[in-house]
**Student:** 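Mind having a look at this structure? Questions to follow.
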Amino acid sequence: MNKVLIALLTGIAIGILLAPRKGSDTRKKLFDDFNDLANEFSRTASEVYDAEKDMIHETMSDVRDAAHNI
């Protein structure tokens with residue numbers, strides 16, 4: 001895991017250093033990309049949370065029904 005992370009960070013650093021853009025353009029692109037990634041993570045986390053919450057409510061309802069039938 002650590003080797004993969006080091007390789008990833010090294011690749012990013014080399015890419016930034018060899019980028020044909022001005023530094024300000026590169027920083028803006030990195031900032032925009034980071035914001036896009038953060039927004040996508042937030043959306044995905046919300047979807048997972050909602051799905052898990054629904055599954056828990058359905059399971060609780062099934063358990064109540066089963067207990068009522070016993």
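Values below: every heavy atom of this structure, side chains too, minus hydrogens, waters and symmetry copies.
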**Student:** Would you mind listing the cluster partners of Ile56? Hydrophobic ones only (ILVMFWY), side-chain contacts under 4.5 Å, chaining allowed.
**Tutor:** Met60

**Student:** Between the side chain of Thr44 and the main-chain N/O of Glu40, is any donor-acceptor distance below 3.5 Å?
**Tutor:** yes

**Student:** Do side-chain atoms of Ser61 reach the backbone of His57 as a donor and acceptor pair under 3.5 angstrom?
**Tutor:**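 Answer holds: no.
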
**Student:** For the residue pair Asp25 and Lys22, establish whether any side-chain heavy-atom pair is separated by less than 4.5 Å.
**Tutor:** yes

**Student:** Honestly curious: do Leu8 and Leu30 fall in one hydrophobic cluster under the side-chain, below-4.5 Å linking rule?
**Tutor:** yes

**Student:** Measuring from Thr59:OG1 to Asp62:CG, what's the distance to the nearest 0.5 Å?
**Tutor:**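 Between Thr59 OG1 and Asp62 CG, I get 6.0 Å after rounding to 0.5 Å.
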
**Student:** Quick one: pull up OG in Ser42 and CD in Glu47 and give me the separation to the nearest 0.5 Å.
**Tutor:**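 Those atoms lie 10.0 Å apart.
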
